[in-house]
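As C-alpha cells, the structure follows; a few thoughts come after it.
Owing to the predicted nature of the structure, the values given are computational and were not obtained by experimental measurement.
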Amino acid sequence: MKKMYTLWTMLLLAVLSMSFVSCEWNDDDEIAYTLEGTWKGNMYVSSEWDGRTYDATYSEICFLRDPYRYSSGKGYWVDYYSNTGWGRNYVANHINWTVNYRTITVYFVEEGTTLWIENYRLDDAYFEGTIYDGESRVDFRLTHTSSPNWNNYYYGWDDYYYDDYYYAKPMMGAETSDKAATGEKKAERKRFVRGK
C-alpha cells in the first residue's frame, strides 16, 4: 500500500509541475501585456496620393490582446494628416499584431502590408524604438493614452474596432471612398514610413 501511495504522490507531483510550467508567461506575453492599449505619437508615416506626398502629423495605434493567445491580437492604426487631397484627414487600418522573440510584427489588414518594430523600450507611459518598413527604418516615441474598455473587450473581441473611421481600402463589396461614392475616378493611396 505504501508503494502505491508513493507512486500516486509522484504521479500527482509530476502532473502539477507540468501544469505550472505550461501556465508560465514568457517575455513575449509580458511585452504584449504592456503593449496593450492606445498609443499616440509620430510614426513618421507618409502617403502618396494623386502625385503628391503627404506627411502624417501623428498616429494613433490601439493594440488589443487576444484573450486566448496572449502574445498577439488585433486593433487599429490611424495616421492623421493636415490638408490632404483625398477628403479625409486620416488613413485608418485594422491591424493584426504578434510579439515573437521580442519582435513586434504589425499586419495592416486593408492594405495587406507588414512592418516590424524592434530595439524598443516599453513601459506603462512610453513606447519607443525602431520601426522597419522594407528598407526604411525610423526611430519613434509614443505616449500611452488609454487602456482597453474591458466591458467591450470581453464581450466583443471579434467586433471590437472603432467603426467611426473609414479604413484605408474598402473590404470586399464595401465602398468607403468619397470619390467612389460620387462616381469620380478613385486615386490609389500608397502609405510608407519616411525618414526624419
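Taking both residues in full, the closest heavy atoms of Met43 and Ile131 are given as CE-CD1, 3.5 Å, listed atom of the first, atom of the second, then distance. Between Ile31 and Val99, the closest heavy-atom pair is CG2-CG1, 4.0 Å. Closest approach of Asn42 to Ala56, counting heavy atoms only: OD1-O, 4.1 Å.
We find the OG-CG distance between Ser71 and Asp29 to be 5.0 Å, quoted to the nearest 0.5 Å.
The side-chain heavy atoms of Tyr80 and Ser59, taken from C-beta on, include no pair separated by under 4.5 Å. Val109 has its side chain out of reach of Asn93: every pair of non-hydrogen atoms, C-beta onward, lies at least 4.5 Å apart. Residues Tyr81 and Val91 have side chains in contact (heavy-atom distance under 4.5 Å, counting atoms from C-beta outward). The shortest side-chain heavy-atom distance between Lys74 and His94 does not fall under the 4.5 Å cut-off. Two residues are said to be in side-chain contact when any heavy atoms from C-beta on lie closer than 4.5 Å; Thr53 and Asp55 meet this criterion. The side-chain heavy atoms of Tyr70 and Tyr33, taken from C-beta on, include no pair separated by under 4.5 Å. Between Trp116 and Thr130, the closest side-chain pair of non-hydrogen atoms is not below 4.5 Å.
At least one donor-acceptor pair under 3.5 Å links the side chain of Glu36 to the backbone N or O of Arg65.
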Step by step, would you call Ile61 with Leu142 a side chain to side chain contact (heavy atoms under 4.5 Å, CB included)?
CA-CA 9 Å; Ile61 308 166; Leu142 302 176; 4.0 Å; yes

Practice prompt. Report the C-alpha separation of Val78 and Tyr58 in whole Å, then their side-chain angles, then the decisive distance to 0.1 Å, and conclude whether the side chain to side chain contact (heavy atoms under 4.5 Å, CB included) test is met.
Written response: CA-CA 9 Å; Val78 183; Tyr58 69 94; over 6 Å; no

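The side chain to side chain donor-acceptor pair (under 3.5 Å) check on Ser146 picks up Thr38, with sequence neighbours excluded.
A side-chain donor-acceptor contact under 3.5 Å links Tyr76 and Glu60.
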Distance-only donor-acceptor hits, side chain of residues 117-127, under 3.5 Å, sequence neighbours excluded:
residue, atom, partner, partner atom, Å
Glu118, OE2, Thr103, OG1, 3.2
Asn119, ND2, Tyr132, OH, 3.2
Tyr120, OH, Arg102, O, 2.5
Arg121, NE, Glu128, OE2, 3.3
Arg121, NH2, Glu128, OE2, 2.6
Asp123, OD1, Ala125, N, 2.8
Asp123, OD1, Tyr126, N, 2.7

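Within the 6.0 Å centre-distance limit, the rings of Trp97 and Phe63 are counted as a close aromatic pair.
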